[in-house]
Every structure is written in structure tokens, then in C-alpha cells.
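Order of the sequence lines sets the chain letters (A, B, ...), proteins ahead of strands, with each chain counted from 1.
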Number of protein chains: 2
Amino acid sequence: MNIQAPTRPGTTSAAAAAIERELIELFVHVADLVGLPRSVGELYGCLFIASSPLTMDDLMRRLGLSKGATSQGLRLLRSVGAVRTVYVPGDRRDHFAAERELRPLVAGFLREKVLARLRNSAERLEAVRAVLREVDPAERAVLDDRVRRLARWHQNARQVLPLLLKVIEP
Amino acid sequence: MNIQAPTRPGTTSAAAAAIERELIELFVHVADLVGLPRSVGELYGCLFIASSPLTMDDLMRRLGLSKGATSQGLRLLRSVGAVRTVYVPGDRRDHFAAERELRPLVAGFLREKVLARLRNSAERLEAVRAVLREVDPAERAVLDDRVRRLARWHQNARQVLPLLLKVIEP
DNA sequence: CCTCCTGTTCATTTATTTTTGAACTCGATG
DNA sequence: CATCGAGTTCAAAAATAAATGAACAGGAGG
């Protein structure tokens, strides 16, 4: 007979279950806000709430997701540092736990999803500047102004991001 | 060494046109980053670059968009304060100009697209708290912790947003 | 080596979002 | 008060993103 702590898995009351669903829904909204698929919000929400690490199978059952979606969602969450795997002795399966502090979460997201794009934009802008030098000066005036404005936008963005992290308390 | 197309007076050279396309592409990427459709990025980009206000018809022609998409895109851009209409004497048509300063742009976006969601989340969290009081204390412990954490996330978000605006120079 | 168990991959299906275009509203104008 | 030009709306089509699930890879244990 496989005995688990009786308080945890089977005994959630209807009210507690409703709260869990509502909280997960909240994470789904956050995911949507930052442009991530619903399933990713559900996965993170489920792990955020859980009182101990869960396996892929736990998540699939609780959320009714397919294997593929679960695997890919977890991969994304790990890539931004929102979820980590936890070793559980005597169990070959991966166990996943949520990073519940806001700061590393935001940091990971900015690093992986925003900073990459910023770098890309910087390169494009630089390329544009190079071509712009070849353009006849009479025609160049307006474009010059626009490119300069964009460069300032970019500079602002780079200033703000680290500051943002500093403000979010650990 | 670059070979340039000869420029005729009153026309944009090939190089200048290429730069405009590249800049618009850049705005499309930004739009994508913040979860707005490509057409909205194109519209804003076109207006950002333009040396004078453009009509809906100008935009449709330059970008190859349909009337509907142009109208709706401009509406969205106006709703976040990214674009305003300019009166041109003797022309019944609306003329559109881009807001080119970063601060009001970000402010408008946060106000219309982010703050509304934050308020929504606050309500949901409050509702959850209410239900949580009804739950049997033994079962409540973990959920209580999770809800408290989320409330802190929320508080952090509300602190950061105004600060963010303060940092972006006028 | 074979089998079982986990987890990944990816072509296909499904769902969602975006765009189109024709019908419509509205006001100005003859 | 009929018509025109400008702009909006919205059902339908097209494009895009996400989810599914079966095939696959790899490793532990026999």
C-alpha cells in the first residue's frame, strides 16, 4: 500500500479547488499580457500554487493538457527561469517547482524575451545609419531626425530595464 | 563601395525608400513585442517617418492595407495616444500625425493596455481572499501563502509603473 | 540485447487573431 | 432631399499561433 501524506492530494474541498482554478486563471491572464500561450500560464500557475514539486504527468492530469504542450510549456518556463527541476530520490521522473519570487522571474523574462529583441533592434538601427550616410544630404534631413529619435528610444529602453529590476524588491 | 540610383528631384531615392522600409519593419517588431498586430506597427511607423501628416488614403496606398484595417489600426493608435488627427484647411479628410516622444507613448500604452488588467487582477485577488476566509484553516495555510505572495506581486507592479514613466525623459 | 518508462519532436489539426471588403452611417454640398 | 466623399462596422476569409498525439530518442534495469 502506497501511503501519501493524507492532507495533500486527494482532500481538497470544493472551495479550495475553486480558489485554485481562479488563481490559475489569473496566471493565464498574466501570460496573455506578456504574450505567452494560455497553457504556459496554466502550467506556471499550477506549480506556483502546488505545495510540492509536480511531475509532467501530474500537470497533464490536473490541467488536461497534452504531453506535447506540457513538455514545450515547461521548456519555455525553464528557459526564462520561471521553473526549475527538483531531484526526488527514488523517482526517475522530473519534478518541477515554480520560482515564486517576482524579481528573478521578471529578470529572466526580460533577459530571454526582451533583451534579445533590443539587441536585434540595435543592429538594425546601426545598419540603417550606415546606409543613411550614403544618401544625398538634401534628402537625408528628415530621415536623420527620425533615426536619431529612435536611437534615443533605444537608449532609454536600455536604461530602464536594469532600473526596473532594481526597484522590484527581492 | 555602394552604387547609388540617380536621384530625380521630388522623388525618394532607392536607398531612402529602403531605409523607410527597414524602419517600418523595426516598428512592426516593436508592435509584435507589445502584442499588437503587424498592421498597427506599419501604420505607426509610416506616420513616425512621414515629414507631414498623412490621410487614411495615403496610408492605405503606401502600406497596401485595406480600408478596414487602416481605420481600425488608427483607432487603436489614437486610443493609446500614439497618433492624433491634425486639421488641414480646405481638406475634409482626416490627417494623422504620430506622437514621436517616447514618454507619452509608453504612458498611453500602459494606461490603456496594462493598467486596466492590473485593476482586473486586483478585483479577482480580492474575491479569492473573500472565499478563502470560508475555507477550513487546516487546508488554508498553503493557499494563504500563495495569495499573499500574489498580492505582493501586484503591489510591486503598481509601484513600478509610475516610476517607469518618471525615468523616461520628456 | 530487449523492454519499459520518461520525455521530446514535429506533422497535423484546431483555435484564435487579423485582414478584407462590401454594406453602412454621417455630414457636407449642390 | 438626392448624391457624394470620408470613415466605420462587421461577417467572412485568410493568416497565424497553439495544441494534439503518434513516432521517436535515450537511458535504466533486467
Which of the following nucleotides, [options], is nearest to the side chain of [X]?
X      : options                  : value
K67(A) : dG7(D), dT20(C), dT8(C)  : dT8(C)
A69(A) : dT19(C), dG7(D), dA19(D) : dA19(D)
S71(B) : dT9(D), dT19(C), dG7(C)  : dT9(D)

I need the [atom1]-[atom2] distance between [X] and [N], as an integer number of Å.
X      : N       : atom1 : atom2 : result
L36(B) : dT17(C) : CG    : P     : 14 Å
D91(B) : dG5(D)  : CG    : P     : 13 Å
L74(A) : dA19(D) : CG    : P     : 13 Å

Ignoring backbone atoms, establish whether [X] has a side-chain N or O less than 4.0 Å from OP1 or OP2 of [N].
X      : N       : answer
S39(B) : dT18(C) : no
R75(B) : dG7(D)  : no
R78(B) : dT8(D)  : yes
R38(A) : dA17(D) : no

Please tabulate, one pair per line, all N/O donor-acceptor pairs under 3.5 Å involving side-chain atoms of residues 119-129 of chain B, not counting sequence neighbours.
from    : atom 1 : to      : atom 2 : distance (Å)
N120(B) : OD1    : R124(B) : NE     : 3.1
S121(B) : OG     : R117(B) : O      : 3.2
R124(B) : NH1    : E22(A)  : OE2    : 3.1

Presence of salt bridge, D136(B) and R140(B), under 4.0 angstrom
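Looking at D136(B) together with R140(B), the answer is no, because their closest N to O distance does not fall below 4.0 Å.
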Going by heavy atoms in the side chains, are E101(B) and E99(B) under 4.5 Å from each other?
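In contact.
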Are the side chain of [X] and the backbone N or O of [Y] linked by a donor-acceptor pair below 3.5 Å?
X       : Y       : answer
R152(B) : L102(A) : no
E139(B) : S13(A)  : yes
R146(B) : F48(A)  : yes

Aromatic rings W153(B) and F27(A): how do their planes relate, parallel, tilted or perpendicular, breaks at 30° and 60°?
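The rings of W153(B) and F27(A) stand perpendicular, inter-plane angle above 60°.
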R92(A) near the nucleic acid: base, sugar-phosphate alone, or nothing, with a heavy-atom cut-off under 4.0 Å?
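R92(A): base contact, heavy atoms under 4.0 Å.
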Regarding D57(B), tell me which of base, sugar-phosphate or nothing describes its non-hydrogen contacts under 4.0 Å with the strands shown.
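No contact.
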Tell me which residues in residues 20-30 of chain B put a heavy atom below 4.0 Å from DNA chain C, sorted by number, or none.
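When residues 20-30 of chain B is checked for heavy atoms under 4.0 Å from DNA chain C, there are no hits whatsoever.
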